[in-house]
There are 2 protein chains.
Amino acid sequence: MKDIQPDWPAGLKKTKQRECVLAVLEHARKPLSAMEIYSEIKRDGTSVWLSTVYRILELLVKRGMAVKIAVMNSETALYELNRFQHKHYAVCMNCHKIIQMDNCPMEKFLPKFQDDDFQVIGHNLEIYGFCKDCAH
Amino acid sequence: MKDIQPDWPAGLKKTKQRECVLAVLEHARKPLSAMEIYSEIKRDGTSVWLSTVYRILELLVKRGMAVKIAVMNSETALYELNRFQHKHYAVCMNCHKIIQMDNCPMEKFLPKFQDDDFQVIGHNLEIYGFCKDCAH
DNA sequence: TTCATTTTGAAAACCCTTTTCAGCATAGAA
DNA sequence: TTCTATGCTGAAAAGGGTTTTCAAAATGAA
């Protein structure tokens, strides 16, 4: 699990726990919760504490190496490696699967506001509905 | 505060606490948190418990009379009366003010998904940036 | 008014996340 | 390599919003 980091980011102390969190994120095929990352690491036999996972995730987000995703109406945050792509997700209302969207409606859109001006920095968009397995 | 409900919704027992929550929501000029609703009611001299406010809000949402808004990266949910309009909000990154948007980018947009099909039911969109008071 | 049923008060539990602080590990200096 | 300052983790507890519990109180139908 620790064989894929080519070079360690400068200024970060290299610890077993940080290597593991990064490795899990690199192997992840979908955004993961702190608990999922924690379980994955423990399953591999490494000892970590949940609070440490949270600390490491916070650090990675602060350094721009990871992205925190807040799925609406879900109380747990998800994390993934920052691959520097603008993206949005669709969430299945039945199985809660998360599916990546490949386009963005905000590209060609000028928002109008009730109040006067608003300097737009970014946006979050989430589609909800039913995935192909749960559509009936 | 209890002077504006023309007729009480059928099947709902009329209690002081429910009247108050509805009254606060009717007077609100922006989405409110459970705590804000609770404070407002107590400020008017009525005795309520926070858990009761939560219970009432849950009931109103379940009945479609209120809408729950989950502002991303904020851990408190907001509630407002369901006025049956499709809308989105912009959130100021500095003062956290919430400003209503008057248009929606999803109106003329067909999402493309990484996985195959996804049956779209709805969407959440949130713009973030700086309001006119906080833009510098 | 009486009674069955809901609703609330009051407190505690929940769940995810953050904080605390002492002990330990790490990286850089010697 | 060894030493040392600094940063990181373990372990536990606290935090903050929200939900649950259960007995007591209030509601509305008869």
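All values below come from the heavy atoms of this structure, side chains included, with hydrogens, waters and symmetry mates left out.
- Distance CD (B/E19) to C1' (D/dG28): 14 Å, rounded to an integer number of Å.
- Across the protein-nucleic acid pair, A/Y79 atom OH and C/dT18 atom C1' stand 11 Å apart, rounded to whole Å.
- Ion pairing between a basic and an acidic side chain is recognised when a charged N comes within 4.0 Å of a carboxylate O; B/K87 and B/E80 show such pairing.
- Across every non-hydrogen atom of A/P9 and A/M65, the tightest pair is CG-CE, 3.7 Å.
- Each end of the helix from C/dT1-D/dA30 to C/dA30-D/dT1 yields a helix axis from five base pairs, and these two axes differ in direction by 20° (to the nearest 10 degrees).
- Distance check, rounded to the nearest 0.5 Å: CD1 of B/I37 to OH of B/Y79 gives 8.0 Å.
- Here C/dC24 presents its P atom at 14 Å from NZ of A/K16, a figure rounded to the nearest Å.
- For the pair B/L32 CG and D/dG17 P, the computed distance is 15 Å after rounding to whole Å.
- When rounded to the nearest whole Å, the span between OH of A/Y38 and P of D/dT9 equals 15 Å.
- Taking Ile, Leu, Val, Met, Phe, Trp and Tyr as hydrophobic and joining them when side-chain heavy atoms fall under 4.5 Å apart, one finds B/M72 in a cluster with A/M72.
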Can you check nucleotides 1-6 of chain D for protein contacts, nitrogen or oxygen pairs under 3.5 Å, and list what you find?
unit_1, atom_1, unit_2, atom_2, d
D/dT6, O2, A/K13, NZ, 3.0

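- The CE-P distance, from B/M35 to D/dG16, rounds to 10 Å in whole Å.
- Rounded to whole angstrom, the span from the CD1 atom of B/I37 across to the P atom of D/dT18 amounts to 10 Å.
- Taking the side chain of A/W49 as heavy atoms from C-beta on, and the options C/dT7, C/dG9, D/dG10, the nearest nucleotide is D/dG10.
- A salt bridge between B/E26 and B/R83 is absent, with no side-chain N of the basic residue lying under 4.0 Å from a carboxylate O of the acidic one.
- Under the 4.5 Å side-chain heavy-atom criterion for grouping Ile, Leu, Val, Met, Phe, Trp and Tyr, B/V48 is connected to B/Y54 within one hydrophobic cluster.
- Atom CZ of A/R18 and atom P of C/dA25 are 15 Å apart (whole Å).
- Side-chain proximity of A/Q17 to C/dT18, D/dG10, C/dG9: nearest is D/dG10.
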Dump every N/O contact between nucleotides 1-3 of chain C and the protein below 3.5 Å, one line per pair.
none

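- Annotation: salt bridge (charged side-chain N to carboxylate O under 4.0 Å, His left out) contacts of A/K108 (sequence neighbours excluded): none.
- Nearest nucleotide to the B/E75 side chain, out of D/dG17, D/dG10, C/dG9: D/dG17.
- Of the residues B/H123, B/Q100, B/E126, the one that meets the side chain to side chain donor-acceptor pair (under 3.5 Å) test with B/H88 is B/H123.
- In this structure, the separation between CZ on B/F109 and SG on B/C104 is 11.0 Å, given to the nearest 0.5 Å.
- The pair B/E40-B/R43 meets the salt-bridge criterion, since a charged nitrogen lies less than 4.0 angstrom from a carboxylate oxygen.
- Taking hydrophobic clusters as Ile, Leu, Val, Met, Phe, Trp and Tyr residues chained together by side-chain heavy-atom distances below 4.5 Å, B/M106 does not share a cluster with A/Y89.
- At least one side-chain nitrogen or oxygen of A/S47 sits closer than 4.0 Å to the OP1 or OP2 atom of D/dG10.
- Between A/D133 and A/C95, every side-chain heavy-atom pair lies at or beyond the 4.5 Å cut-off.
- Electrostatic pairing of A/E19 and A/K16 does not count as a salt bridge here, judged by no charged N lying under 4.0 Å from a carboxylate O.
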Notebook entry, point to check: What do the steps show when you test A/E58 against A/R63 for salt bridge (Lys or Arg N to Asp or Glu O under 4.0 Å), and what is the final call?
Noted result: CA-CA 9 Å; A/E58 184 190 7; A/R63 289 186 136 249; over 6 Å; no

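- Taking a 4.0 Å limit (strictly below) on heavy-atom distances, residues 50-66 of chain A reaches DNA chain C at A/L50, A/S51, A/Y54, A/R55.
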